[in-house]
J.: 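Sharing a structure below in structure tokens format, with a few things to ask.
Here the structure is a predicted model, which is why all the values come from computation and not from measurement. Counting convention: from 1, in listed order, for ligands and their atoms alike. Note that these values count all heavy atoms, side chains included, but never hydrogens, waters or copies made by symmetry.
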Amino acid sequence: MHLVKADVVVTSPDRNFVTLRLETDEGIVGLGDGTLNGRELAVVAYLQEHVVPLLIGRDAARIEDTWQFLYRSAYWRRGPVTMAAIAAVDTALWDIKGKAAEMPVYQLLGGASRNGLLAYGHASGKELPELFDSIREHQAQGYKAIRVQTGVPGLKSIYGIASNATYEANEGVRYDHEPAQRGDLPNEEDWDTRSYLRHVPTVFEAVRNEFGPELPLLHDAHHRLTPIQAAKLGKSLEPYDLFWLEDVTPAENQEALRLVRQHTTTPLAIGEIFNTVWDYQLIIREQLIDYVRSAVTHTGGITHLKKVLDYASQYQIKSGMHGPTDISPVGLAAQMHLGLAIHNFGIQEYMQHGERTDQVFEQSFTWQDGLLHPGDKPGLGVDLNLEEAAKYPYQRAYLPFNRLADGTVHDW
Ligand code: GCO
Ligand code: MG
């Protein structure tokens with residue numbers, strides 16, 4: 001079975017998505033997600049100009065060989081654009097293989113290791129009462145694990161807080177649809193680490209007092225701390241028994257986590273901006289983390305992320321795949337299949353896409369009693385409605401950036 005067609009579909013129903021649509025000479029269609037939030041068109045160009053010409057005529061069954069060919073033949077390796085483009089091809093080939101075998105992809109990966117995937121959602125509020133409402137809303141929707149983000153006194157805007165606009169747009173459900181803003185320039189936010197470090201433990205104390213000790217709670221520091229600040233935060237959150245503390249330091253310095261680890265028993269999750277197993281080499285080998293945050297979409301697809309997770313499994317490190325709304329329904333489905341099959345699944349981030357997105361991408365997963373399941377349709381179980389997709393052309397959008405009070409640019 002050979003590839004005869006490869007189209008890159010860009011659509012922006014609630015946000016921009018990049019989808020690779022492959023077709024074989026037997027008429028089987030496979031989908032892959034290549035969405036890179038805020039830099040979408042770089043992946044589109046990489047695919048259209050450099051990858052699509054290599055795909056036509058290739059044997060659709062040779063997934064590993066195609067992965068190695070795309071990775072090694074480019075000479076230039078790694079990086080988010082390359083790895084998202086390879087992920088799109090890889091995921092679409094798994095989708096085709098599943099459809100050809102008439103099996104859901106998780107069966108091809110070894111079959112289910114569990115009944116469903118524990119998922120966490122994003123609760124947020126500028127102040128505590130709003131945050132408590134948001135936690136209750138998430139519990140009412142069935143979430144059994146919840147990420148908690150709040151405002152910080154003195155700061156105008158901060159990562160992870162659903163705005164009033166999204167609150168209204170979602171008919172009273174406070175939901176953070178991710179802050180990539182459509183527009184010509186990125187929004188500027190402000191940041192102050194000392195205020196943040198003082199404030200966060202008081203939030204978790206209040207949440208534990210209100211909701212008790214059982215509810216698994218997570219928190220994302222979004223790459224903003226130095227190693228010693230991260231160590232201090234982990235230590236100060238120990239009494240509140242977090243499921244994980246995420247992205248405490250900018251992730252490219254793997255050694256930073258040695259210092260953090262020496263000082264705290266709060267579990268650590270990292271890696272949503274990593275793209276390869278080599279970005280994890282030291283932190284997995286030295287057991288400096290507890291959860292791998294990589295997404296199928298940004299880590300070279302199912303083939304490569306499975307290798308990362310197999311490596312992690314030898315050190316009792318589990319998956320915590322990145323699942324904000326900037327992972328498309330195709331990318332999310334791919335990680336549900338992978339998560340269902342591997343033994344070292346930890347938790348799945350699940351933010352929920354908007355209604356328009358669900359019309360563009362027809363999905364077959366289920367979400368019941370706090371557990372996700374990819375469903376049993378052959379392949380990934382997602383169809384792309386091209387007519388709906390065409391209604392929403394690309395719109396430029398940027399993630400925000402941070403400045404400190406003195407004007408210095410800080411990690412966002
Ligand atoms: C998360 C992430 C996201 C990122 C976003 C950037 O934990 O879900 O940190 O919120 O900010 O994916 O595009
Ligand atoms: Mg994160």
J.: Before we go on, tell me: are the rings of W367 and Y143 under 6.0 Å apart, centre to centre?
T.: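 W367 vs Y143: aromatic centres under 6.0 Å.
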J.: Below 2.8 Å, can you find an N, O or S atom of D220 next to the Mg ion (ligand 2)?
T.: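 For D220, the answer is yes, given that an N, O or S atom comes within less than 2.8 Å of the Mg ion (ligand 2).
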J.: Would you say D326 and ligand 1 have an N/O pair spaced under 3.5 Å apart?
T.: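 The answer is yes, given that D326 and ligand 1 share an N or O pair closer than 3.5 Å.
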J.: Taking the six-membered ring of Y311 as reference, does the cationic atom of R285 (NZ for Lys, CZ for Arg) lie under 6.0 Å from its centre and within 45° of its axis?
T.: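 No, R285 and Y311 do not form such a contact.
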J.: Quick check on the Mg ion (ligand 2): does E349 put an N/O/S atom closer than 2.8 Å to it?
T.: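 No, E349 does not qualify, because none of its backbone or side-chain N, O or S atoms lies under 2.8 Å.
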J.: Looking only at N, O or S atoms in E272, which is nearest to the Mg ion (ligand 2)?
T.: OE1
J.: Pick, from T325, L218, L399, the option with the minimum heavy-atom distance to atom 6 (C) of ligand 1.
T.: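 Considering heavy atoms of T325, L218, L399, the nearest to atom 6 (C) of ligand 1 sits in L399.
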J.: Say whether R147 and ligand 1 are in contact under the criterion: heavy-atom distance to a ligand atom below 4.0 Å.
T.: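 Under 4.0 Å: yes for R147.
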J.: Using only N, O or S atoms, tell me which atom of E246 is closest to the Mg ion (ligand 2).
T.: OE2
J.: Would you check whether W412 has a nitrogen or oxygen atom less than 3.5 angstrom from a nitrogen or oxygen atom of ligand 1?
T.: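 Among all N and O atoms of W412, none is under 3.5 Å from an N or O of ligand 1.
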J.: Just so I know, are the side chains of N402 and D190 near enough to count as touching, which here means a heavy-atom distance under 4.5 Å?
T.: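 SC-SC contact between N402 and D190 ruled out.
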J.: Apply ring pair (Phe, Tyr, Trp, His ring centres under 6.0 Å) to the pair W191 and Y159, showing each step before the final yes or no.
T.: CA-CA 10 Å; W191 181 249; Y159 165 79; 9.7 Å; no
J.: Give the ring-plane orientation class for Y71 versus W67, where under 30° counts as parallel, over 60° as perpendicular and anything between as tilted.
T.: parallel
J.: Check whether any N or O atom of Y159, backbone or side chain, sits under 3.5 Å from an N or O atom of ligand 1, and answer yes or no.
T.: yes
J.: Using the six-membered ring wherever Trp is involved, compare the ring planes of H298 and H322 and label them parallel, tilted or perpendicular (cut-offs 30° and 60°).
T.: tilted
